[in-house]
Amino acid sequence: MTEQQADAVVVGAGLAGLVATHELTKAGRKVIVVDQENRNNLGAQAFWSLGGLFLVDSPEQRRLGIHDSAELALQDWMGSAGFDRDDEDFWPRQWARAYVEFAATEKRQYVHDLGLRFTPVVGWAERGGGFADGHGNSVPRFHLTWGTGPEVVRIFAEPVLEAEKRGLVEFRFRHQVDELIVEGENGTGAAVGVRGSLLAPTDLDRGKASSREVIGDFEIRAGAVIVTSGGIGHNHDLIRQNWPTERLGPAPTTMISGVPAHVDGRMLGIAEDAGANIVNRDRMWHYTEGINNWDPIWPDHAIRIIPGPSSLWLDANGNRLSPPNFPGFDTNSTMREILATGHDYSWFILTQSIIEKEFALSGSEQNPDITNKDLKFAAKSRFAKGAPGPVDAFKNKGVDFVVADNLPELVAGMNKIARGPALDLQQIERVISARDAQLDNKYSKDAQMMAITNARQYLGDKVVRVAKPHRLLDPAHGPLIAVRLNILTRKTLGGLETNLDAQVMRPDGSAFDGLYAAGEVAGFGGGGVHGYNALEGTFLGGCIFSGRAAGRAVAAR
């Protein structure tokens, strides 16, 4: 029998893999981490993230007068998740309760002890579908990391790299796993290692698409295997294969990628071939506010606009989206309405005043002031006249942006980049004029204007996130801006089914001996902790929570 080389082999050097490895090395266990990319990609997709974490009843919330509780957060989570499958949602329901409890108790202290800090303003993401017990966050819960995604990666990477120096961790980069080694009777055997292909060395920068040239093979034996390989976000074929047409409408013809090329979903099929159970394949979380990156890092590189609530949202035909499909409210409902038109894009119309205050861009590289933890730069960038530098660069260079001094010029520019029907100037003018007329009084029957007024009751939104209501056609707030919004691929909400120890389950409901999974490959816990909808700030947190569970469970074996 081949000798065991480590206590655990971790497949994937992203955030969940680093967290699991950190927990294992704290317990003195020896770990081999394999990844198909090079060392420059340590931390994987988490490095590129904005770094938001979902916390409940935090000091940051309390300082802003936000009244939150574990009970309210659980109501929001369950109302958003909409769990409705007896078998597939058995473990996700339990993970959801455990995760909300974690977010309300240990989570902040756990990352704080490792050195993580947050900006003082808590964001109000995914505001929901309009019902108290339905989808959405009742209160702001999006805690932005001071340092964004790279900082979230750093607090786990540093202790793991220290453990590497002590000989407890061995990284094997450019190792592509092709098979899980399972020994024992078919259907009841144990995972004891991995086999795969050695890929040609590369010194490419982080995020760049790398070669898949095979130069050899490998085999690693270990006491347990933890799969932390991420989701399917750059595998458009697999996304289309799993797309929930009956629920969201036809899969988009044009998709742009919010994750690097290595997010390919390979390990899902490999684990399934070995006997693992996959659940909730049709649950995904893609964004409707995607724009093409004018300075791309990976193929089809997309950035998401994280909008405030004031932009006017029109479908490809120029019709206003119906409530509650406002910017930042209900992602899947908005997706469904956009795709129902038969087109896969939509439009924002806004003003310079709105873009200056309400446009944030996802991604650590799009927020250099916060990523670099530069307080002076952040104050200057966020409070100075004009849009933040990265936003202004997209406005001036992005292929999805149209800027004009008047509405006829704006609509003409929109028609030049439309992938579908020509927009009618008179119709657009009617829609905008009707909206603008609602500003004659402090009150309104327009649901979006009511939502803006409500948002500005929250101090954080009023100060840094939501523009003072104004007429879109008021030249004093110009120029006018239109943005073509594309479907941006991002997160896999289903995946490998796992119990609360992050141990992978078999189709018959039994635990798969020796096999564990964490992060996006496991639907961030259980095979789909979010159900149908995410509350945002829950993806990095899901990687942390499930990675911690996997590491601790394997360490205790």
Side-chain angles (χ1 to χ4, degrees), residues 36 44-45 48 82 84-85 88 176 207 209 212 227 229-273 276-293 296-304 315-316 325 330-346 362 399-400 418-421 484-497 519-524 527-528 530-534 539:
Q36 60 187 354
Q45 171 58 21
W48 300 107
D84 58 2
R85 298 170 179 174
E88 291 184 275
Q176 179 179 267
R212 288 297 177 263
V227 180
S229 54
I232 66 174
H234 201 101
N235 189 334
H236 292 186
D237 290 339
L238 194 52
I239 289 171
R240 289 190 175 94
Q241 179 182 320
N242 293 332
W243 189 269
T245 304
E246 73 292 342
R247 183 159 47 85
L248 294 182
T253 300
T254 300
M255 297 179 183
I256 49 180
S257 300
V259 294
H262 62 75
V263 185
D264 55 19
R266 289 182 73 254
M267 284 304 302
L268 283 165
I270 290 166
E272 187 175 31
D273 288 343
N277 196 33
I278 297 177
V279 294
N280 301 312
R281 299 173 196 263
D282 63 313
R283 293 180 182 170
M284 311 177 192
W285 194 248
H286 305 305
Y287 292 114
T288 53
E289 312 98 333
I291 52 177
N292 291 277
N293 195 342
I297 296 170
W298 53 79
D300 302 315
H301 187 175
I303 297 295
R304 183 201 175 198
D315 67 21
N325 299 325
D330 191 328
T331 295
N332 277 337
S333 176
T334 305
M335 177 78 76
R336 185 166 51 249
E337 184 166 353
I338 290 169
L339 295 178
T341 66
H343 305 285
D344 55 17
Y345 68 98
S346 59
S362 66
V399 297
D400 299 298
R419 293 196 297 269
R484 181 186 62 186
L485 303 172
N486 311 277
I487 306 303
L488 177 154
T489 63
R490 185 61 70 85
K491 296 299 180 188
T492 314
L493 298 189
L496 295 173
E497 185 180 28
E520 192 171 352
V521 75
F524 301 95
H530 298 93
Y532 290 101
N533 294 283
F539 302 123

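Fair warning: this is a prediction, and the values are worked out from it, not measured in the lab.
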(message) Given 3.5 Å as the limit, does a donor-acceptor pair link the side chain of E88 with the main chain of N280, or not?
(response) yes
(request) Grab the two heavy atoms, one from L493 and one from N533, that are nearest each other, plus how far apart they are. (result) CD1-N, 4.4 Å
(message) So, taking the atom named OG1 in T489 and the one named CG in L238, what distance separates them when rounded to the nearest 0.5 Å?
(response) 11.5 Å
(message) One thing to verify: whether E272 and R281 come together as a salt bridge, which I'm taking to mean a side-chain N less than 4.0 angstrom from a carboxylate O.
(response) yes
(message) If you compare all heavy atoms of S229 against all heavy atoms of V521, which two are closest, and at what distance to 0.1 Å?
(response) OG-CG2, 3.6 Å
(message) Going by side-chain hydrogen bond (donor to acceptor under 3.5 Å, both in side chains), name the residues that satisfy it together with T492, two or more places apart in sequence or in a different chain.
(response) E520
(request) Output every pair passing salt bridge (Lys or Arg N to Asp or Glu O under 4.0 Å) with a member in residues 333-342, not counting sequence neighbours, ordered by first then second residue. (result) none
(request) Could you check whether the rings of W243 and H286 sit parallel, tilted or perpendicular, using 30° and 60° as the cut-offs? (result) parallel
(message) To check you understand the geometry: which heavy-atom pair defines the closest contact between R283 and G531, and what is its length?
(response) CD-O, 3.2 Å
(request) For N242, check side-chain hydrogen bond (donor to acceptor under 3.5 Å, both in side chains) against everything at least two apart and list the hits. (result) none
Just list the side-chain donor-acceptor pairs under 3.5 Å for residues 244-253, sequence neighbours left out, or say none.
from: R247; atom 1: NH2; to: D282; atom 2: O; distance (Å): 2.9
from: R247; atom 1: NH2; to: D282; atom 2: OD2; distance (Å): 3.2

(message) Please check this pair: side chain of Y532 against backbone of D84, looking for a donor-acceptor N/O pair closer than 3.5 Å.
(response) no
(message) Is there a side-chain contact (heavy atoms from CB on, under 4.5 Å) between I256 and I487? Walk through the geometry before answering.
(response) CA-CA 6 Å; I256 49 180; I487 306 303; over 6 Å; no
(request) Return the minimal non-hydrogen interatomic distance between I239 and G233, and the atom names on each side. (result) CD1-O, 3.6 Å
(message) Can you tell me how far apart OH (Y345) and CZ (R484) are? Round to the nearest 0.5 Å.
(response) 8.5 Å
(request) Would you check if the side chain of D315 reaches a backbone N or O of T341 as a donor-acceptor pair within less than 3.5 Å? (result) no
(message) Using every non-hydrogen atom in the two residues, find where S333 and N325 come nearest and quote the distance to one decimal.
(response) OG-OD1, 2.7 Å
(message) Suppose we screen for side-chain hydrogen bond (donor to acceptor under 3.5 Å, both in side chains). Which residues come up paired with N293, at least two apart in sequence or across chains?
(response) H301
(request) Output the distance between atom CG (L488) and atom CD1 (I291), rounded to the nearest 0.5 Å. (result) 9.5 Å
(message) Would you compute the distance between atom CG of L485 and atom CD of E289 and round it to the nearest 0.5 angstrom?
(response) 7.0 Å
Just distance, no hydrogens or angles: give the donor-acceptor pairs under 3.5 Å from side chains in residues 257-270, sequence neighbours left out.
from: S257; atom 1: OG; to: H234; atom 2: ND1; distance (Å): 3.4
from: S257; atom 1: OG; to: H236; atom 2: NE2; distance (Å): 2.8
from: D264; atom 1: OD1; to: R266; atom 2: N; distance (Å): 3.1
from: D264; atom 1: OD2; to: Q36; atom 2: NE2; distance (Å): 3.3
from: R266; atom 1: NH1; to: V177; atom 2: O; distance (Å): 2.9
from: R266; atom 1: NH2; to: V177; atom 2: O; distance (Å): 3.4
from: R266; atom 1: NH2; to: D178; atom 2: OD1; distance (Å): 2.8

(message) For a 4.5 angstrom cut-off between non-hydrogen side-chain atoms, does K491 reach H530?
(response) no
(message) Which label fits W298 and W48: parallel for a plane angle under 30°, tilted from 30 to 60°, or perpendicular past 60°?
(response) perpendicular
(request) Over all heavy atoms of both residues, which pair between S346 and T288 is shortest? Give the atoms and the distance, please. (result) OG-O, 4.3 Å
(message) Nearest 0.5 angstrom please: M335 CE to W285 CH2, how far?
(response) 9.0 Å
